[in-house]
Amino acid sequence: MARILITSAIPYINGIKHLGNLVGSQLPADLFARYNRARGHEVMFICATDEHGTPAELAAAKAGKPVAEYCAEMHDVQAEIARGFRLSFDHFGRSSSQRNHHLTQHFAGKLAEAGLIREVEESQIYSIDDGRFLPDRYIEGTCPNCGYGSARGDQCDNCTKQLDPTDLINPHSTISGSTNLEVRSTKHLYLMQRSLRDKLEAWIDSKKDWPILTTSIAKKWLNDGDGLQDRGITRDLHWGIPVKKGDQIWPGMEGKVFYVWFDAPIEYIACTAEWADAQGLPDAAWQRWWRTDMGAADVTYYQFMGKDNVPFHTLSFPATILGSGEPWKLVDYLKSFNYLNYDGGQFSTSRGRGVFMDQALSILPSDYWRWWLLSHAPESADSEFTWENFQVSVNKDLADVLGNLVSRVTKFCVAKFSAHVPSAGEFGEQEARLIEELGQRIKDYSACMESMEVRKASAELRAIWVIGNEYLQAAAPWTVVKTDPERAQAMIRLSLNLIRVYAILSAPFIPDAAAAMMAAMGSDDWTWPDDIAAAMSKLPAGHAFTVPDNLFRKITDEERADWQQRFAGIRT
RNA sequence: GGCGAGGUAGCUCAGUUGGUUAGAGCACACGACUCAUAAUCGUGGGGUCGAGAGUUCAAGUCUCUCUCUCGCCA
């Protein structure tokens, strides 16, 4: 039994994520977690909401709520939707937790001790009425170059000239509109990634089995232009983790918080601590997942994320870990995904284009989405969601191939025999061939799952479903029953057992349908079918089963047309 | 403009280190079957692998140029 730590990139707090976000991290991570649990491994699957930073403050202000309250509410909303998609997190935490406060401050302290933090004095625009500094895009004014009236602090959108906020003529705050501004000096902390560059490169070079997408992005940041740059890890904001050196005051940094990208990945660790707290377990329970000196030496750590997150996970976060000088677990395998496009364009959160997680669940159960998204996961390149493709894939794969198989077997048995596993007859050559092929197919399927080849795994699973139909078609129990009912009974006995095995194999992709299949077979034995022959006799003769309702209904042309129109425009 | 990723059957995509007649699913055509959600199974048609040039005994697979798409950055 292996010990497997899995983290999904943590979704930002300000709103509900779309299907592209889901398929890029949480969903494949869940697939991998479910599979490994099914194989009997010890799994810790962690996700959380990423709650700090200006966008959260602004969203809260827009909603007319204190930011802490807003985040708490949105966390609950996201947690509920995650449950709806059957995302099987061991814990869904919050980056604003006290655990993360302490751990983030701890890491900053260790980095300072190691001489990897430098303090930088900067000039920024301060809004007296807003009571805050105004980072680049929160200040606008007239461009000194072209006279454009809405130039941003960092750049003029009209003439593209790069600006310093202090260059703007008649600047004003984009938050309040106030012109009561002044230049103030402010101090910030920088993580000296440059001095960790060689260490990071050596570490990345040691990862020979990582996807090209992952390593090429990391290499680009290491080598592009002037190479890896030091990174500011503090901000002049109210909402966030107060800057401290461990549990000590950091002189000159009072009132400042850590930058969201510094504390967010640390939440992976903190979230595991939150899990232990929620379970009433001591610190050792989470430390054995993260501290190689406290039992995590045999843990294999997998991260899942969209490609936009790769630089932070290959460079910034490892810099934090390595720089601390403490024996924290580094990622062993980083699985990254490209983007999912929506009907010829991009999903857009701001424009409400595409399908969002809550909307998806409101029109169809999660299994439909899980199956389509995973079987079309953007692994090697960006991929495309269209309603036509969604409709035909789901109808064919789920309703026709799998759902109908369950239906035809159970209904035939009840009609010709009874609602009990038939007892007569022996397995013959056809059954032996099926079992042999199934064994090979399951091996291929497992190999894909272990190497996280999501699309290939889904294709293998589908092929496994198909051989059930092939077998039935060739064996033709509906014909055999007329002349040799005992032989037909053996065929159906095998087929009923096949349904139970399919439930086990399919559960990582479509957990609800799998549960329905298992329940219909009157079993709760989810043991992975390592021994296929034995698994095909698991349901004993005379064992009672039920005919389940159709596992999957078909999506009609009318529905497809309706949804296509509904989700093309603006989210209301 | 710079960088990155791509352009393979009508559609969505596979194609290891260059090596026999380029694959899958869907769609389409025909056939079989009739237990089942008008489901299933079988057979078949269909591609000058974006364009051009080069390296090689041999290129979808390597090199160069061009072109188109998408994303990121400035």
Side-chain angles (χ1 to χ4, degrees), chain A residues 20 154-157 159-163 209 211-221 223-226 229 306-311 336-348 371-373 375-417 448 451 453-463 465-482 488 491-492 495-496 499 513 547-556:
Chain A
D154 55 342
Q155 182 182 37
C156 174
D157 284 334
C159 68
T160 74
K161 184 178 170 60
Q162 286 182 65
L163 303 171
D209 58 342
I212 293 168
L213 180 66
T214 302
T215 50
S216 70
I217 291 173
K219 289 295 224 177
K220 189 192 167 211
W221 282 61
N223 300 317
D224 208 35
D226 297 330
Q229 297 299 305
K307 61 184 170 186
D308 52 327
N309 271 327
V310 169
S336 58
F337 289 84
N338 287 287
Y339 293 143
L340 179 68
N341 289 320
Y342 178 78
D343 218 4
Q346 291 181 51
F347 275 88
S348 169
W371 175 253
W372 190 90
L373 289 168
S375 62
H376 294 78
E379 290 179 293
S380 61
D382 290 355
S383 65
E384 170 106 353
F385 176 93
T386 65
W387 286 102
E388 290 83 357
N389 188 300
F390 178 68
Q391 181 193 21
V392 297
S393 295
V394 162
N395 286 354
K396 189 70 184 174
D397 298 347
L398 296 181
D400 295 348
V401 174
L402 178 62
N404 181 54
L405 175 72
V406 173
S407 184
R408 66 196 296 205
V409 169
T410 52
K411 285 179 182 173
F412 179 82
C413 186
V414 169
K416 301 294 178 184
F417 309 119
C448 291
S451 57
E453 294 178 275
V454 175
R455 296 179 83 127
K456 274 191 186 170
S458 76
E460 287 295 338
L461 179 58
R462 187 189 190 281
W465 295 339
V466 165
I467 62 179
N469 280 316
E470 286 173 356
Y471 164 77
L472 270 186
Q473 207 63 34
W478 48 88
T479 304
V480 173
V481 71
K482 295 169 187 165
M491 291 170 180
I492 292 303
S495 301
L496 289 166
I499 291 171
V547 178
D549 294 334
N550 282 348
L551 292 175
F552 299 98
R553 69 175 186 82
K554 293 199 187 191
I555 298 167
T556 65

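For clarity, every value in this text was computed on a predicted model and none was experimentally measured. Chain letters run A, B, ... following the sequence lines, proteins first, then strands; residues in each count from 1.
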May I have the distance from [X] (atom [atom1]) to [N] (atom [atom2]), rounded to whole angstrom?
X: A:I467; N: B:G25; atom1: CD1; atom2: C1'; result: 17 Å
X: A:L472; N: B:U34; atom1: CG; atom2: C1'; result: 13 Å
X: A:W465; N: B:A24; atom1: CH2; atom2: P; result: 20 Å
X: A:K396; N: B:U37; atom1: NZ; atom2: C1'; result: 12 Å
X: A:Y342; N: B:U12; atom1: OH; atom2: P; result: 16 Å
X: A:W478; N: B:U34; atom1: CH2; atom2: C1'; result: 8 Å
X: A:N341; N: B:C70; atom1: CG; atom2: C1'; result: 7 Å
X: A:F417; N: B:C35; atom1: CZ; atom2: C1'; result: 11 Å

Checklist entry - Think A:K456 has a side-chain N or O under 4.0 angstrom from the OP1 or OP2 of B:C13? => result no

Checklist entry - Would you say B:U34 has OP1 or OP2 under 4.0 Å from some side-chain N or O of A:R408? => result no

Quick one: label [X] by what it contacts on the DNA or RNA (base, sugar-phosphate, nothing), any heavy atom closer than 4.0 Å.
X: A:R455; result: sugar-phosphate
X: A:N389; result: sugar-phosphate
X: A:V466; result: sugar-phosphate
X: A:L551; result: base

Checklist entry - In terms of the angle between their ring planes, are A:F417 and A:F412 parallel, tilted or perpendicular, with boundaries placed at 30° and 60°? => result perpendicular

Checklist entry - When you match A:Y339 and A:F552 each to their closest nucleotide on RNA chain B, which lands nearer the 5' end? => result A:F552

Next on the checklist: Nearest heavy atom decides the nucleotide; on that basis, is A:E453 or A:D400 closer to the 5' end of RNA chain B?
Outcome noted: A:E453

Checklist entry - Any side-chain heavy atom of A:V394 within less than 4.5 Å of one from A:F552? => result no

Nucleotide opposite [N] in a Watson-Crick or G-U pair, distances under 3.5 Å:
N: B:G71; answer: B:C3
N: B:G46; answer: none
N: B:G60; answer: none
N: B:U65; answer: B:A51
N: B:U40; answer: B:A32
N: B:U16; answer: none
N: B:A22; answer: none

Item to check | side-chain contact (heavy atoms from CB on, under 4.5 Å) between A:S451 and A:K456, intermediate numbers included | outcome: CA-CA 10 Å; A:S451 57; A:K456 274 191 186 170; over 6 Å; no

Closest to the [X] side chain, choosing from [options]:
X: A:K411; options: B:U37, B:U34, B:U12; answer: B:U37
X: A:N469; options: B:U37, B:C13, B:U40; answer: B:U40
X: A:E470; options: B:C26, B:U37, B:G42; answer: B:G42

Next on the checklist: Determine whether a donor-acceptor pair (one donor, one acceptor, N or O, separation below 3.5 Å) exists between the side chain of A:Q473 and the base of B:U40.
Outcome noted: yes

Checklist entry - Has the side chain of A:N404 got a donor or acceptor that lies under 3.5 Å from a partner of the other kind on the base of B:A36? => result yes

Next on the checklist: Once rounded to the nearest 0.5 Å, what's the spacing between atom CZ of A:R462 and atom CG of A:L398?
Outcome noted: 9.5 Å

Item to check | A:W372 versus A:N389, side-chain donor and acceptor atoms under 3.5 Å | outcome: yes

What's the gap between [N] and [M] when it is taken at their [atom1] atoms, as a whole Å value?
N: B:C3; M: B:G10; atom1: C1'; value: 34 Å
N: B:A51; M: B:U67; atom1: C1'; value: 7 Å
N: B:A9; M: B:G46; atom1: C1'; value: 6 Å
N: B:C62; M: B:C49; atom1: P; value: 15 Å
N: B:G50; M: B:U61; atom1: C1'; value: 16 Å
N: B:C70; M: B:A27; atom1: P; value: 30 Å
N: B:U20; M: B:C64; atom1: P; value: 25 Å
N: B:C72; M: B:U16; atom1: C1'; value: 30 Å

Checklist outcome for this item: Smallest heavy-atom separation, A:V480 atom then A:A488 atom, equals CG1-N, 3.9 Å

Checklist entry - Can you name the nearest heavy-atom pair linking A:L405 to A:G468, along with the distance? => result CD1-C, 3.9 Å

Item to check | Polar side-chain atom of A:S407 near backbone of A:G403 as donor-acceptor pair, under 3.5 Å | outcome: no

